[in-house]
Amino acid sequence: QVQLVESGGGSVQPGGSLRLSCAASGLTLDYYAIGWFRQAPGKLREGVSCISSSGGSTAYADSVKGRFTISRDNAKNTVYLQMNSLKPADPAVYYCAATPSPSCTSGFMETGLTTLGYWGQGTQITVST
């Protein structure tokens, strides 16, 4: 059974940091580009970041550039999202998704469009004073 499991969510003050993990089981992430997405209540899902299967290429939404860093450890079958300088606009449920592509396509990065891909269940981020 294939599973993507996000962890590391929680509550943090503005300016704080969190690191999310996306761990895969039943699936070898080496062949998948991985994206992080978020959805806040009443809003559409948006792409946050994406990393190619090799880790050699990354992409970020303008809203998180310079604050978030995506990385992967294929030996651990895990992808990470380091989130620094968190803002009140960042709270949402954060999801990771795997798409069977070596690269992050614009469709996947912007909308999560994937064929034969997998999604995690999400982890909640809250930013509050």
Side-chain angles (χ1 to χ4, degrees):
Q1 181 180 1
V2 174
Q3 279 190 310
L4 296 179
V5 179
E6 301 95 337
S7 62
S11 181
V12 65
Q13 293 185 334
S17 298
L18 286 172
R19 188 176 83 153
L20 305 183
S21 298
C22 172
S25 60
L27 179 73
T28 301
L29 290 185
D30 298 42
Y31 308 107
Y32 290 78
I34 306 297
W36 283 98
F37 302 83
R38 65 186 181 186
Q39 187 166 21
K43 295 188 177 181
L44 297 175
R45 184 178 65 201
E46 64 172 331
V48 174
S49 184
C50 186
I51 188 166
S52 63
S53 61
S54 68
S57 179
T58 58
Y60 298 92
D62 288 343
S63 58
V64 306
K65 276 181 183 176
R67 300 189 297 122
F68 291 10
T69 304
I70 191 170
S71 62
R72 66 191 298 158
D73 186 339
N74 284 351
K76 294 183 178 179
N77 228 22
T78 302
V79 175
Y80 305 96
L81 185 69
Q82 178 67 43
M83 305 187 296
N84 298 329
S85 303
L86 283 161
K87 300 178 178 180
D90 292 321
V93 177
Y94 282 69
Y95 302 89
C96 65
T99 188
S101 167
S103 60
C104 296
T105 64
S106 58
F108 180 65
M109 173 66 192
E110 294 170 8
T111 69
L113 178 66
T114 178
T115 301
L116 301 179
Y118 301 93
W119 287 83
Q121 293 300 305
T123 185
Q124 178 75 52
I125 305 300
T126 303
V127 178
S128 60
T129 56

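Not measured: the values here are computed from a predicted model. In what follows, residues are counted from 1 in the order of the sequence shown.
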- prompt: Can the ring centroids of Phe108 and Tyr32 be said to lie less than 6.0 angstrom from one another?
  reply: no
field: disulfide bond (SG atoms under 2.5 Å apart) pairs, two or more places apart, involving residues 74-129
entry: Cys22-Cys96, Cys50-Cys104
message: Tell me the closest heavy-atom pair linking Thr111 and Gly107, and the distance in Å.
response: OG1-O, 2.7 Å
- request: Rounded to the nearest 0.5 Å, what's the gap from OH on Tyr94 to OG on Ser7? Could you check?
  value: 15.0 Å
field: Nearest heavy-atom neighbours spanning Ala33 and Ser103
entry: CB-O, 3.5 Å
Joint hydrophobic cluster, Phe68 plus Val127, side-chain heavy atoms closer than 4.5 Å: yes
field: Greater than 12 external heavy atoms within 6.0 Å of Gln124's CD
entry: yes
Side-chain heavy-atom pair Arg67, Asp90 within 4.5 angstrom cut-off: yes
query: Looking at CG of Leu44 and CZ of Arg38, how far apart are the two atoms once the value is rounded to the nearest 0.5 Å?
result: 13.0 Å
Tell me which donor-acceptor pairs under 3.5 Å the side chains of residues 113-120 have, and how far apart each pair is, sequence neighbours excluded?
unit_1, atom_1, unit_2, atom_2, d
Thr114, OG1, Thr99, OG1, 2.7

message: Distance check, rounded to the nearest 0.5 Å: Tyr60 atom OH versus Ser49 atom OG?
response: 4.5 Å
- prompt: Between Phe37 and Ala97, which heavy-atom pair has the shortest distance, and what is it?
  reply: CE1-CB, 3.8 Å
- prompt: Is the closest side-chain heavy-atom distance between Glu6 and Trp36 below 4.5 Å?
  reply: yes
- line: Shortest non-hydrogen pair, Pro88 vs Pro91, comes out as O-CD, 2.8 Å
message: Ile51 and side chain to side chain contact (heavy atoms under 4.5 Å, CB included): which single residue from Thr69, Thr58, Leu81, Leu29 fits?
response: Thr58
- request: Could you grab the distance from atom NZ of Lys87 to atom OG of Ser63, nearest 0.5 Å is fine?
  value: 8.0 Å
query: Could you state the interatomic distance from CD1 (Ile70) to CD (Gln82), rounded to the nearest 0.5 Å?
result: 12.0 Å
- prompt: Would you say Leu86 and Leu20 are hydrophobically clustered, going by side-chain heavy atoms of ILVMFWY under 4.5 Å?
  reply: yes
query: Between Asp62 and Lys65, does at least one N-O distance fall below 4.0 Å, as a salt bridge requires?
result: yes
task: Take Ser71 and Tyr80, measure what side chain to side chain contact (heavy atoms under 4.5 Å, CB included) needs, and give me the verdict at the end.
output: CA-CA 5 Å; Ser71 62; Tyr80 305 96; 3.6 Å; yes
- prompt: So which heavy atom on Ala61 is nearest to which on Gly47, and how close?
  reply: CB-O, 3.4 Å
message: Donor-acceptor check, side chain of Ser53 to backbone of Tyr31, threshold 3.5 angstrom: yes or no?
response: no
With a 3.5 Å cut-off and sequence neighbours excluded, list the donor-acceptor pairs that the side chains of residues 8-19 form with protein atoms.
unit_1, atom_1, unit_2, atom_2, d
Ser17, OG, Asn84, OD1, 2.9

Rounded distance (nearest 0.5 Å) linking atom CG of Leu4 with atom OG of Ser25: 8.0 Å
query: Which atom names give the shortest non-hydrogen contact between Asn77 and Asp30, and what distance separates them?
result: OD1-OD1, 4.5 Å
